[in-house]
Amino acid sequence: MQKMAGSSFPEEVLEHVFSFIQDGKDRNVISLVCKSWYEIERWSRRRVFVGNCYAISPRMVIRRFPEVRSVELKGKPHFADFSLVPDGWGGYVGPWIAAMAAAYPWLEEIRLKRMVVTDEGLELISKSFKNFKVLVLSSCEGFSTVGLAAIAANCRNLRELDLRESEVEDLSGHWLSHFPDNYTSLVSLNISCLTSEVSFSALERLVGRCPNLRTLRLNRAVPLDRLANLLRRAPQLVEFGTGVYASELRPDVFSNLSGAFSGCKELKGLSGFWDAVPVYVPAVYPICSRLTSLNLSYATIQSPDLIKLVSQCQNLQRLWVLDYIEDTGLDALAASCKDLRELRVFPSDPYEAEPNVSLSEQGLVSVSAGCPKLQSVLYFCRQMSNAALRTIARNRPNMTRFRLCIIEPRTPDYVTLQPLDAGFGAIVEHCKDLQRLSLSGLLTDRVFEYIGTFAKKLEMLSVAFAGESDLGLHHVLSGCENLRKLEIRDCPFGDKALLANAAKLETMRSLWMSSCCVSFGACKLLGQKMPRLNVEVIDERGPPDSRPESCHVEKLYIYRTVAGPRFDMPPFVWTMDEDSELRLS
Amino acid sequence: MSSSKSNKIVKLESSDNKTFEVEEAVAVQSETLKNMVDDGCANDTIPLPNVNGKILEMVLGWCKKHVDETVTGDELNKYEADFLDLDQADLYGLLMAANFLNVKGLLDRVLQRVADMIKGKKPEEIRRIFNIKNDFTPEEEEEIRLENAWAFD
């Protein structure tokens with residue numbers, strides 16, 4: 001049988017074939033087949049994902065991929081969410097926007113996570129890309145409603161504006177009125193993070209004239225009695241986020257709202273519900289059976305009302321809720337929602353030492369038993385036991401994301417007072433496809449031995465207040481073959497494990513260590529030994545060489561990069577490289 | 001496609017000198033042939049030096065099936081699914097022919113099929129399937145592999 005002579009595929013045929021292949025991983029493989037495939041692939045790649053904006057420079061991306069339409073960038077490390085990354089650290093998107101404005105006139109999509117965006121940057125986006133369609137700013141900061149006004153005014157083809165959890169300097173709600181009267185292409189709008197009132201009439205007119213609007217997430221400032229009008233103008237909505245969900249009970253308002261919800265036949269996801277009051281919750285009952293996603297993480301309703309609500313959501317796949325749901329509510333969830341894939345339970349009062357709600361490990365055990373498709377868990381609680389973790393692990397070997405947050409650090413098994421090593425050991429042993437894990441509670445080096453032995457598919461690990469010695473870190477770095485991101489705080493891990501596993505760091509995207517026991521001397525050594533890593537010391541006490549070499553650094557962020565050291569560092573960040581000895585002395 | 005032309009016959013000759021006669025309605029499923037017909041170049045036998053007889057017969061079979069009004073939707077679906085159950089040599093020939101003749105529905109399906117053969121594979125596997133020589137030096141290959149993994153993953 002004659003073999004296909006692939007290298008004699010005409011270029012245009014290969015281009016056609018590649019147009020059916022959009023996945024980044026497949027595209028990366030294609031680029032390695034041979035030189036002509038590399039060339040054709042790079043000219044035809046339309047979407048680029050850069051998981052660490054400092055791993056490559058904008059110039060290098062543009063040089064390799066000249067015809068990109070969609071860019072996704074991530075900036076600060078994940079622990080920035082817990083205020084562990086000082087302001088001014090970096091993650092500036094400005095240089096990227098400037099470079100792309102010149103090189104990618106046909107750019108359509110920009111998605112950013114944990115980056116610093118300015119109003120000037122937003123204005124440049126709005127003026128540089130004639131066909132701009134999608135702007136997603138996830139946990140970003142540095143801009144104000146002035147920048148949003150520029151986007152609204154100039155992006156004639158905008159489909160998506162999603163500001164999820166970004167910190168926006170909210171000068172006024174007037175920016176929304178900058179969408180021109182003849183602008184009708186909005187598909188998705190998420191302004192839930194904004195604080196000030198947007199003009200309701202502008203919002204209503206905008207919603208009313210955009211027939212393709214599928215997602216609308218309002219901010220807290222939109223009062224409950226405005227919702228019905230909005231919903232009636234957009235009965236085609238698939239996802240809706242309310243504003244503050246509280247008001248005096250008025251029968252006309254209630255029935256109007258309930259009717260409006262019922263009129264949305266495609267509605268599958270609800271969110272918002274700030275300060276929800278029980279009397280208005282039944283307004284959504286008529287559509288509960290259709291819901292696949294419910295975000296109640298701002299809803300202050302208690303367990304009985306939550307039970308009534310979730311018991312009607314038989315098709316629920318994702319639930320985010322406060323611990324007001326309690327164990328009884330989670331029992332009801334387990335009984336009613338057999339299609340549940342993801343559960344997140346957030347703490348209503350994390351700073352209180354004593355529990356304010358009756359939520360324990362039992363609730364999670366219950367859901368793990370009752371929901372066969374449960375794969376993703378984020379659970380805040382105050383007590384846990386090895387027995388419960390073992391049960392959860394045995395119930396749900398299909399778990400892929402498991403983040404347990406026992407609120408008080410170093411809390412032992414509340415029954416046996418032992419460390420929770422065995423419990424987490426059971427999780428990694430049974431859940432063979434586990435990709436993401438967050439540990440908490442009292443943990444020795446033992447748990448890391450289990451993780452290194454069993455967690456072969458683990459990609460991201462978060463550790464806090466755990467372990468006893470360098471052996472813990474060594475187990476993870478030497479055992480977890482697929483580890484990409486490791487973030488550690490307040491653990492007694494130091495120089496030995498880090499230096500012994502230096503090569504491992506080139507196989508990972510990044511390592512974060514804060515309040516650990518890594519010395520400045522070891523950081524310098526690592527920087528010299530591994531020139532392709534950026535070893536960044538973050539220390540707000542002043543230059544690390546003003547203290548003895550054996551002194552521990554405050555924070556350490558290490559990442560692989562093809563772009564060399566960065567030059568936009570603030571005064572409290574130092575890069576350890578081959579020349580660091582010279583520069584710092 | 002006006003009915004006044006429906007009796008016209010188009011003659012085609014494959015690279016291995018086989019001749020085929022088909023109704024115009026069948027032939028114009030191919031954009032390339034349609035352009036020739038519209039330009040008045042289809043009166044003599046049209047030579048197709050880059051399509052062999054076996055493949056041309058397959059393609060014309062596809063075109064015939066798609067103008068046959070007696071074929072049901074289900075039958076057509078099954079036909080299309082079975083059609084691409086080919087060995088690699090035929091798939092390659094079909095890809096070249098569908099591309100040259102620009103038979104829209106067929107081309108998309110063959111492209112998808114070839115794309116599916118690429119997805120999820122490693123570079124060496126792809127080279128083996130398509131009989132491609134690796135013309136990178138080890139250093140060049142490593143540099144690309146590194147950039148792919150460190151920046152674009």
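Letters A, B, ... are given to chains in the order of the sequence lines, protein chains preceding strands, and every chain is numbered from 1. Just so we're clear, the structure is a prediction, and the values are computed from it rather than from any experiment.
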With a 4.5 angstrom heavy-atom cut-off, is it the side chain or the backbone of A:R509 that approaches chain B, or both, or neither? side chain
Do A:V13 and B:F100 come close enough that some side-chain heavy atom pair is under 4.5 Å? no
B:D135 side-chain N/O to A:K35 backbone N/O, donor-acceptor pair under 3.5 Å: yes
A:C34 SG to B:R127 CZ distance, which is reported to the nearest 0.5 Å: 8.0 Å
I want to check something: taking the side chain as every heavy atom from C-beta on, are B:K122 and A:V29 in contact at a cut-off of under 4.5 Å? no
A:Y38, part contacting chain B, at a heavy-atom distance under 4.5 Å: side chain
At a heavy-atom separation under 4.5 Å, does A:N52 approach chain B through its side chain, its backbone, both, or neither? neither
Taking everything shown except B:D44 itself, do over 12 heavy atoms lie less than 6.0 Å from its CG? no
Check each atom of A:E12 against the heavy atoms of chain B and say whether the ones under 4.5 Å are side chain, backbone, both or neither. side chain
Can you tell me if A:E67 has over 12 outside heavy atoms packed within less than 6.0 Å of its CD? yes
Quick check on B:E57: does its CD atom have over 12 non-hydrogen neighbours (other residues, nucleotides or ligands) under 6.0 Å away? no
Where on A:R532 is there a heavy atom nearer than 4.5 Å to chain B: the side chain, the backbone, both, or neither? both
Gap between atom CD of A:Q22 and atom NZ of B:K119 - 0.5 Å precision: 9.0 Å
Reported CG-to-CD1 distance for the pair A:D26 and B:I118, which is rounded to 0.5 angstrom: 9.0 Å
Compare every heavy atom of A:V33 with every heavy atom of B:F136, then report the nearest pair and how far apart it is. CE1-C, 4.2 Å
Side chain from CB out, backbone as N, CA, C, O: work out which of these in A:S19 comes under 4.5 Å of a heavy atom of chain B, or both, or neither. neither
From B:D108 atom CG to A:F20 atom CZ, the distance as rounded to the nearest 0.5 Å: 4.5 Å
How about A:K456: does its NZ atom have over 12 heavy atoms from other parts shown lying under 6.0 Å from it? yes
More than 12 heavy atoms of other residues, nucleotides or ligands under 6.0 Å from NZ of B:K121: is that the case? yes
Those residues of residues 138-153 of chain B, ordered by number, that approach chain A below 4.5 Å (heavy atom to heavy atom): B:E140, B:E141, B:I144, B:R145, B:L146, B:E147, B:N148, B:A149, B:W150, B:A151, B:F152, B:D153
Of A:L32, A:V562, A:V17, A:I56, the largest count of non-hydrogen pairs under 4.5 angstrom with chain B goes to A:L32
